[in-house]
Amino acid sequence: MKTREALRMPEGSEARVRGWVYRKRDLGGKIFVVVRDSEGIIQVVVDRSTAPREAVQAAEEATIESAVEAWGRVAPDPRAPGGAELRAEGFVLHSRAEDFPIKGGEGVDYLLDVRHLWIRSRRLTAVWRIRHTVLKAMREYLESNGWWEVSPPILTQSAVEGGATLFEVNFFGKKAYLSQSAQFYLEALIYSLERVWSLTTSFRAERSRTRRHLYEYWHLETEEAWARMRDSMRVAAELTAAAVRGVLEERLEELSLLKRDTERLEAAARPDYPSITYDEAIELLKRRGVSIEWGDDLGADEERVLTEYFDTPFFVTHFPKHIKSFYMKIDPGRPEVVLGFDLLAPEGYGEIIGGSEREDRYEVLLARIREEGLDPRDYEWYLDLRRYGSVPHSGFGLGVDRLVMWVAGLDHIRDSIPFPRFRDRIYP
RNA sequence: GCCGGGGUAGCUCAGCGGUAGAGCGCCGGGCUGUUAACCCGGUGGUCGGGGGUUCGAAUCCCCUCCCCGGCGCCA
């Protein structure tokens with residue numbers, strides 16, 4: 001049985017647990033072995049005066065991270081972590097671990113070298129569990145709201161956005177690239193399924209040196225036929241709130257282990273997130289003494305100032321067209337701005353979603369491609385979508401790792417994912 | 001790509017021109033209740049790599065590699 005279950009059994013119940021040695025203290029009369037499994041930890045007490053000789057010997061030989069199994073009776077004890085412990089009647093050493101290289105106090109660089117071992121830590125295990133629940137809650141939301149899950153390609157011929165750097169792949173002599181967004185493929189799929197979403201890895205070869213960028217990240221994207229920007233924003237908010245709610249309902253222990261302030265998350269569990277326009281954001285920033293002019297992009301510093309105004313995630317909409325991508329639809333009432341939106345997480349976490357209504361008019365889209373200095377031939381099939389039954393449509397991309405980072409209260413995105421690809425790190 | 005900080009024992013760091021150090025870990029011993037246990041003893045080094053200055057370099061200079069924090073870009 002799992003350690004969690006054993007801890008909750010009535011006094012005197014027989015229990016059998018297996019897992020890995022988390023802590024061990026040999027005091028002479030008794031050996032205290034704290035056993036860790038996927039659900040938590042339990043203290044196993046091997047008493048030299050009562051336990052069988054083989055059990056004592058096995059406990060003596062067990063080192064940190066050895067795989068062990070123990071059985072005996074459960075006894076409440078305030079001195080034990082979790083309030084109860086297992087008094088061992090048997091103890092087996094399945095596999096004795098060599099001297100485990102992580103003792104505590106190591107630096108980040110070293111810990112990343114032994115990431116394959118570090119991911120066992122209680123803290124990271126809590127993050128994986130939270131991540132699981134975030135993904136589950138979002139999938140459940142989409143499933144119950146009529147969205148089709150689709151599987152777009154990762155190997156692609158060209159960029160979605162002109163500027164971002166791509167990882168090049170040799171595709172049997174032709175140049176191919178790792179996808180940085182499934183958006184164009186989702187746009188193609190709305191003509192058959194209308195409301196589609198996908199969860200894929202996306203790749204960006206920007207040499208970013210920040211705590212919120214990965215070269216390989218998990219991208220949840222949606223695209224919906226007939227939807228206007230506001231419709232897509234509502235989905236973005238409901239999806240985010242569903243993830244937060246799921247974690248608050250199922251992962252309170254993990255949040256507590258991570259010392260995450262859950263009060264700040266409660267406010268984000270309802271999807272009524274506030275929304276300001278880019279114009280209003282500039283006004284707010286100017287009032288705060290930030291030197292910024294209309295037309296400037298909102299950088300990390302600006303985002304941080306804005307997040308101080310809100311306790312929940314919030315939207316910024318209607319950006320100047322020249323700081324956003326060519327496929328975003330020009331606002332019919334204001335040709336200098338686009339119908340695009342960002343969702344920024346509070347507490348300084350910043351952008352977790354970027355979306356827009358897409359330009360659905362062939363001529364306008366073609367003109368925008370040329371205006372950005374891009375080659376229309378690279379977008380031939382994408383332009384085709386505007387020639388055969390074009391409809392208004394909107395969608396967004398959500399950074400799963402960033403969402404997990406914010407929900408779990410992590411200070412670096414690398415800990416939102418088991419094997420992060422960032423900086424120049426590819427091992428392990 | 002730009003700005004700043006740093007590579008010394010397995011790990012975290014001190015030393016910054018004159019014999020290579022500490023704490024933790026690890027190994028051995030002790031302890032009947034530990035919570036990052038504690039006490040005693042032991043173990044531990046191409047001072048990131050290359051070149052130079054010097055009687056002498058971890059220390060000063062040059063080149064190079066790697067890591068960390070921040071910016072830009074974005075999710």
Side-chain angles (χ1 to χ4, degrees), chain A residues 22-34 41 43-51 63-64 75 77-83 85 87 98-114 118 122 159-165 179-183 199-222 236 240 296-304 319 323-325 340-345 349-355 396-406 411-414 416-417 422-425 427:
Chain A
Y22 180 65
R23 298 273 187 270
K24 185 183 133 179
R25 294 170 204 98
D26 186 339
L27 266 71
K30 285 173 181 158
I31 305 168
F32 297 88
V33 183
V34 180
I41 57 171
Q43 175 163 281
V44 174
V45 184
V46 182
D47 191 326
R48 283 197 162 86
S49 63
T50 62
T63 50
I64 298 296
D77 194 311
R79 295 167 296 189
E85 62 190 18
R87 307 261 161 89
E98 292 178 28
D99 182 27
F100 198 65
I102 302 172
K103 325 275 186 188
E106 290 82 4
V108 171
D109 185 32
Y110 177 73
L111 287 171
L112 286 167
D113 285 341
V114 292
W118 188 22
R122 294 191 73 206
V160 168
E161 296 163 42
T165 318
S179 170
Q180 53 181 206
S181 170
Q183 182 192 321
L199 177 62
T200 59
T201 42
S202 278
F203 302 84
R204 303 237 170 163
E206 301 275 354
R207 292 177 89 82
S208 303
R209 291 202 64 88
T210 79
R211 59 179 66 189
R212 33 195 299 252
H213 285 84
L214 294 168
Y215 294 150
E216 177 186 294
Y217 65 101
W218 287 81
H219 209 172
L220 191 157
E221 293 169 274
T222 69
T240 304
D296 293 345
D297 207 350
L298 304 177
D301 292 340
E302 289 78 27
E303 278 191 5
R304 216 165 291 128
F319 296 91
I323 60 172
K324 289 292 180 184
S325 298
F341 64 90
D342 284 350
L343 181 68
L344 308 194
Y349 281 95
E351 187 175 352
I352 52 175
I353 287 177
F396 61 84
L398 177 153
V400 172
D401 319 279
R402 285 190 181 174
L403 177 59
V404 170
M405 181 186 174
W406 161 57
D411 57 15
H412 201 295
I413 200 163
R414 65 176 157 239
S416 70
I417 187 167
F422 73 115
R423 302 289 167 92
D424 287 322
R425 208 166 253 289
Y427 174 94

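A note on names: the letters A, B, ... follow the listed sequences, proteins ahead of strands, and every chain is numbered from 1.
- Nucleotides B/U59 and B/U53, compared at atom C1', are 13 Å apart to the nearest Å.
- Here the P atom of nucleotide B/A75 and the CD atom of A/E221 are 9 Å apart, to the nearest Å.
- A/S202 comes within 4.0 angstrom of nothing in the nucleic acid, heavy atoms only.
- Here the separation of B/A58 from B/C16, taken at their P atoms, is 14 Å to the nearest Å.
- The phosphate of B/G69 (OP1 or OP2) has a side-chain N or O of A/H412 nearer than 4.0 angstrom.
- A/K30 comes within contact range of at least one nucleobase, with a heavy-atom separation under 4.0 Å.
- In this structure, the CZ atom of A/F100 is 13 Å from the C1' atom of B/C11, given to the nearest Å.
- Among the atoms of the strands shown, only primed sugar atoms or phosphate atoms (P, OP1, OP2) are found under 4.0 Å from some heavy atom of A/G299.
- B/C60 and B/U54: their C1' atoms are spaced 10 Å apart (whole Å).
- The main-chain N or O of A/G350 is never found under 3.5 Å from a side-chain atom of A/E303 such that the two would form a donor-acceptor pair.
- Across every strand in view, B/G72 sits unpaired, with no contact that passes the Watson-Crick or G-U test at under 3.5 angstrom.
- When the P atom is used for both B/G42 and B/U34, the distance is 28 Å, rounded to whole Å.
- Nucleic acid contact class of A/R122 (heavy atoms, under 4.0 Å, all strands): none.
- Nearest-nucleotide assignment on RNA chain B puts the 5′-proximal partner with A/P78, out of A/Y215 and A/P78.
- Closest to the side chain of A/V45, from the set B/C68, B/C74, B/G33, is B/G33.
- Among the heavy atoms of the strands lying under 4.0 Å from A/D26 is at least one base atom, whether or not backbone atoms are also near.
- When all heavy atoms of A/H213 and A/F422 are compared, the pair lying nearest together is O-CB, 3.8 Å.
- For the pair A/I413 CD1 and B/C74 C1', the interatomic distance rounds to 11 Å; values are reported in whole Å.
- The separation between A/R48 atom CZ and B/G30 atom C1' is 12 Å, rounded to whole Å.
- Of the residues near RNA chain B, A/D109 and A/D99, the one whose nearest nucleotide (by heavy atom distance) lies more toward the 5' end is A/D99.
- In this structure, CG of A/L343 is placed 17 Å from P of B/C74, rounded to the nearest angstrom.
- The base of B/C73 does not come close enough to the side chain of A/R212 for any donor and acceptor atom to sit less than 3.5 Å apart.
- B/U64 and B/A20 have their C1' atoms separated by 26 Å, given to the nearest Å.
- Side chain of A/R402 to main chain of A/I413: no donor-acceptor pair is present (N/O by atom type, distance under 3.5 Å, no hydrogens or angles).
- Within the 4.0 angstrom heavy-atom criterion, base atoms lie near A/D77.
- Across every non-hydrogen atom of A/D47 and A/G29, the tightest pair is OD1-O, 3.7 Å.
- As rounded to the nearest Å, B/C13 and B/C63 have P atoms that lie 27 Å from one another.
- Residue contacts shown for A/E85 include a base, since a base heavy atom lies under 4.0 Å away.
- Evaluation of atom-type donor-acceptor distances gives no pair under 3.5 Å for the side chain of A/E106 against the base of B/G10.
- Taking the C1' atom of each, B/U12 and B/C47 are spaced 16 Å apart, rounded to whole Å.
- In plain terms, the two heavy atoms of A/Y215 and A/R207 that are nearest each other are OH-CA, 3.8 Å.
- When heavy atoms are screened at a 4.0 angstrom cut-off, A/P81 is found touching base atoms of the nucleic acid.
- Of all heavy-atom pairs spanning A/L344 and A/E351, the tightest one is CD2-CA, 3.5 Å.
- The main-chain N or O of A/T210 is never found under 3.5 Å from a side-chain atom of A/S208 such that the two would form a donor-acceptor pair.
- In plain terms, the two heavy atoms of A/A80 and A/E85 that are nearest each other are CB-OE1, 3.6 Å.
- With B/C71, B/C68, B/C74 as the candidates, the nucleotide lying closest to the side chain of A/D301 is B/C71.
- Nearest to the side-chain atoms of A/S208 among the listed nucleotides B/G33, B/C74, B/G72 stands B/G72.
- Using a 4.0 Å heavy-atom cutoff across all strands shown, A/L27 reaches at least one base atom of the nucleic acid.
- Rounded to whole Å, the separation between the C1' atoms of B/A22 and B/G45 comes to 14 Å.
- Across all strands, A/L214 comes closer than 4.0 Å to base atoms (heavy-atom distances).
- The side chain of A/E351 lies closest to B/A75, out of B/A75, B/G70, B/G33.
- A straight line from CZ of A/R414 to C1' of B/C67 spans 11 Å, rounded to a whole angstrom.
- Among the nucleotides B/C74, B/G10, B/C68, the one closest to the side chain of A/Y110 is B/G10.
- The interatomic distance linking A/K24 (NZ) with B/C26 (P) rounds to 10 Å, in whole Å.
- With centroids closer than 5.5 Å and planes inclined by less than 30 degrees as the test, A/Y217 and the base of B/A75 pass as a stacked pair.
- Nucleotide B/C68 holds its C1' atom 16 Å from the CZ atom of A/R207, rounded to whole Å.
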